[in-house]
**Student:** 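Below you will find the structure I want to go over with you.
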Amino acid sequence: MSAPAAGFADVLRDAIERRGLGLERIRDHLAQRGVSLSVATLSYWQSGRSRPERKSSLAALPHLERVLEVPPGTLHASLGVTHTRRRRAPVVDLDALWPGSRHERVLARLDATWDTELDRLSVHDRLVVGADRRQSSLVVRQVLRARGDGPDRRVVLHFHDDTAATPPRIRALRGCTLGRTASDAERGVVGSELLFLRPLLRGETVVLEYELASPDHGPLESAYGRKFRTPTTDYLLEVEFAARALPTSCSTMGEPDEQVPLALDPAHRVHLVGSGLSTAGIAWSWDDDEADDVGDVGEAPS
């Protein structure tokens with residue numbers, strides 16, 4: 001009986017070992033060919049935590065094969081090998097979500113090993129915009145389920161485009177403690193490890209709640225959105241405005257013909273709900289609009 005064919009992660013890992021190059025050297029070789037792949041993406045590919053799915057990632061494979069000195073088509077062919085142990089939800093490359101490796105400096109200082117072993121069942125973002133029109137606080141609640149035994153943390157990354165603002169501080173509120181944190185003020189990125197109270201067993205769920213609060217002046221932005229790397233069963237976004245800084249209009253984010261107007265409720269809040277989304281967000285404006293940037297929250301590697 002012949003041995004089973006190797007999958008993409010196995011083929012890539014073997015090729016890297018034979019070539020004897022570190023991931024940073026491989027990234028640099030690809031960059032010389034005009035191909036942008038982060039070290040994090042290469043690491044996740046060789047570990048099997050994600051694989052190339054998008055058109056841009058598939059287009060990078062022939063260049064990667066040349067760098068690794070394997071026969072043309074080797075890596076692409078290995079993508080056709082499927083494993084029947086369990087079906088995994090597709091994982092979007094971070095490079096596709098955040099072009100220019102905006103996340104890389106922060107992610108390199110955190111341990112995101114377990115992120116692909118956690119299903120996102122529910123995400124709830126509650127953003128407060130203060131009287132100065134700046135984002136003053138963000139409280140996030142996530143419900144996660146372990147795909148296997150062992151997950152003990154969740155890594156989160158948050159982005160804002162107002163890089164003149166001081167990066168917010170992350171504080172664990174419920175179901176977790178704060179591990180390592182890292183920030184890149186130049187690129188408006190902050191991240192942290194949220195450590196579970198104990199490692200999870202397969203099928204167990206955990207409820208995490210944490211807060212981002214600005215130590216002085218928060219980012220001055222006119223939208224908040226989330227990009228999802230993996231499908232999320234339920235998503236709820238609430239934005240609350242100070243009574244002295246009510247916007248003149250609010251809507252869902254998207255192309256002009258896809259935006260849905262949202263009306264403030266008596267508590268000065270708007271919200272949206274959805275499931276299975278790739279992106280979601282709310283935008284707002286004032287008559288004398290001073291804030292014209294867009295703030296984002298990015299899913300951690302998963």
Side-chain angles (χ1 to χ4, degrees), residues 4-108 110-120 147-148 155 157 159 189 191 226-232 276-279 296 298-302:
F8 176 79
D10 298 322
V11 173
L12 176 60
R13 188 168 52 251
D14 290 345
I16 291 174
E17 291 177 357
R18 290 194 184 97
R19 186 72 170 88
L21 294 177
L23 297 185
E24 292 186 355
R25 290 286 307 280
I26 295 174
R27 177 198 61 189
D28 293 342
H29 280 296
L30 290 170
Q32 293 173 8
R33 295 173 172 271
V35 178
S36 176
L37 279 182
S38 69
V39 170
T41 294
L42 291 168
S43 176
Y44 274 70
W45 283 2
Q46 73 165 351
S47 68
R49 291 183 173 87
S50 67
R51 51 188 258 151
E53 302 282 354
R54 297 174 65 88
K55 184 177 180 180
S56 58
S57 297
L58 294 174
L61 293 185
H63 300 279
L64 183 56
E65 289 168 345
R66 294 188 186 97
V67 170
L68 298 178
E69 297 181 352
V70 298
T74 299
L75 295 177
H76 195 281
S78 67
L79 287 171
V81 178
T82 59
H83 298 278
T84 59
R85 289 183 302 172
R86 61 178 177 178
R87 295 179 62 85
R88 287 184 174 270
V91 178
V92 178
D93 290 338
L94 278 176
D95 294 338
L97 290 182
W98 310 112
S101 299
R102 183 177 177 183
H103 57 281
E104 195 168 19
R105 294 179 189 174
V106 170
L107 186 59
L110 305 173
D111 180 7
T113 302
W114 289 108
D115 271 29
T116 52
E117 298 301 318
L118 295 164
D119 288 325
R120 281 65 160 161
R147 292 181 171 183
V155 165
L157 296 177
F159 305 77
V189 184
R226 180 179 282 273
K227 298 180 180 182
F228 298 94
R229 294 193 70 203
T230 60
T232 299
L277 304 173
S278 57
T279 61
D296 293 296
E299 278 280 19
S302 53

**Student:** Rounded to the nearest 0.5 Å, what separation is found between the CD atom of Q46 and the CG atom of L23?
**Tutor:**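 It is 5.0 Å, given to the nearest 0.5 Å.
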**Student:** Should R147 and L118 count as side-chain neighbours, where that means a heavy-atom distance under 4.5 Å?
**Tutor:**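 Counting from C-beta outward, R147 and L118 never come under 4.5 Å.
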**Student:** On a heavy-atom basis, which atom in V106 and which in G191 lie closest, and how many Å separate them?
**Tutor:**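 The answer is CG1-N, 3.8 Å.
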**Student:** Can you find a pair of side-chain heavy atoms, one from R226 and one from T279, that are under 4.5 Å apart?
**Tutor:**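 R226 vs T279: side chains apart.
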**Student:** Examine distances only and state if a side-chain atom of S47 and a backbone atom of S43 form a donor-acceptor pair shorter than 3.5 Å.
**Tutor:**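 Present.
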**Student:** Not counting sequence neighbours, which residues clear side chain to side chain donor-acceptor pair (under 3.5 Å) with T113? List them please.
**Tutor:**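 With neighbours one apart ignored, the set is D111.
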**Student:** On a heavy-atom basis, which atom in P52 and which in L58 lie closest, and how many Å separate them?
**Tutor:**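 Reported closest heavy-atom pair: O-CD2, 3.8 Å.
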**Student:** Test V70 against L64 for side chain to side chain contact (heavy atoms under 4.5 Å, CB included), laying out the working first.
**Tutor:** CA-CA 9 Å; V70 298; L64 183 56; over 6 Å; no
**Student:** Could you note down all residue pairs passing salt bridge (charged side-chain N to carboxylate O under 4.0 Å, His left out) where residues 27-43 supplies at least one of them, sequence neighbours left out?
**Tutor:**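 Found R27-E104.
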**Student:** Can you find a heavy atom in the side chain of L75 that is under 4.5 Å from one in the side chain of W45?
**Tutor:**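 L75 vs W45: side chains apart.
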**Student:** State, with a plain yes or no, whether a side-chain heavy atom of L21 is found less than 4.5 Å away from one of V67.
**Tutor:**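 Of all side-chain heavy-atom pairs linking V67 with L21, at least one is under 4.5 Å.
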**Student:** Go through the structure and list residues passing side chain to side chain contact (heavy atoms under 4.5 Å, CB included) with A9, not counting sequence neighbours.
**Tutor:**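 For A9, the residues satisfying side chain to side chain contact (heavy atoms under 4.5 Å, CB included) (neighbours in sequence not counted) are R13.
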**Student:** Less than 4.5 Å apart, any side-chain heavy atom of I16 and any of L12?
**Tutor:**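 Yes, their side chains come closer than 4.5 Å.
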**Student:** Using the test side chain to side chain donor-acceptor pair (under 3.5 Å), find all partners of R18 that sit at least two apart in sequence or belong to another chain.
**Tutor:**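 For R18 there are no side chain to side chain donor-acceptor pair (under 3.5 Å) partners, ignoring immediate neighbours.
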**Student:** Taking the side chain as every heavy atom from C-beta outward, state whether S36 and L30 have any pair of such atoms under 4.5 Å apart.
**Tutor:**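 Counting from C-beta outward, S36 and L30 never come under 4.5 Å.
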**Student:** By the salt bridge (charged side-chain N to carboxylate O under 4.0 Å, His left out) test, which pairs, at least two apart or in different chains, include something from residues 67-78?
**Tutor:**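 For residues 67-78, and leaving out neighbouring residues, the salt bridge (charged side-chain N to carboxylate O under 4.0 Å, His left out) pairs sorted by first residue read R19-E69.
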**Student:** Rounded to the nearest 0.5 Å, what's the gap from CG on L37 to CD1 on I26? Could you check?
**Tutor:**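 Here the rounded value is 10.0 Å.
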**Student:** Check for a donor-acceptor pair, side chain of E24 on one end and backbone N or O of V39 on the other, with a separation under 3.5 Å.
**Tutor:**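 It does not hold such a pair.
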**Student:** First locate atom OG1 of T74, then atom CG of D14, and finally report the distance between them rounded to the nearest 0.5 Å.
**Tutor:**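 That separation rounds to 11.5 Å.
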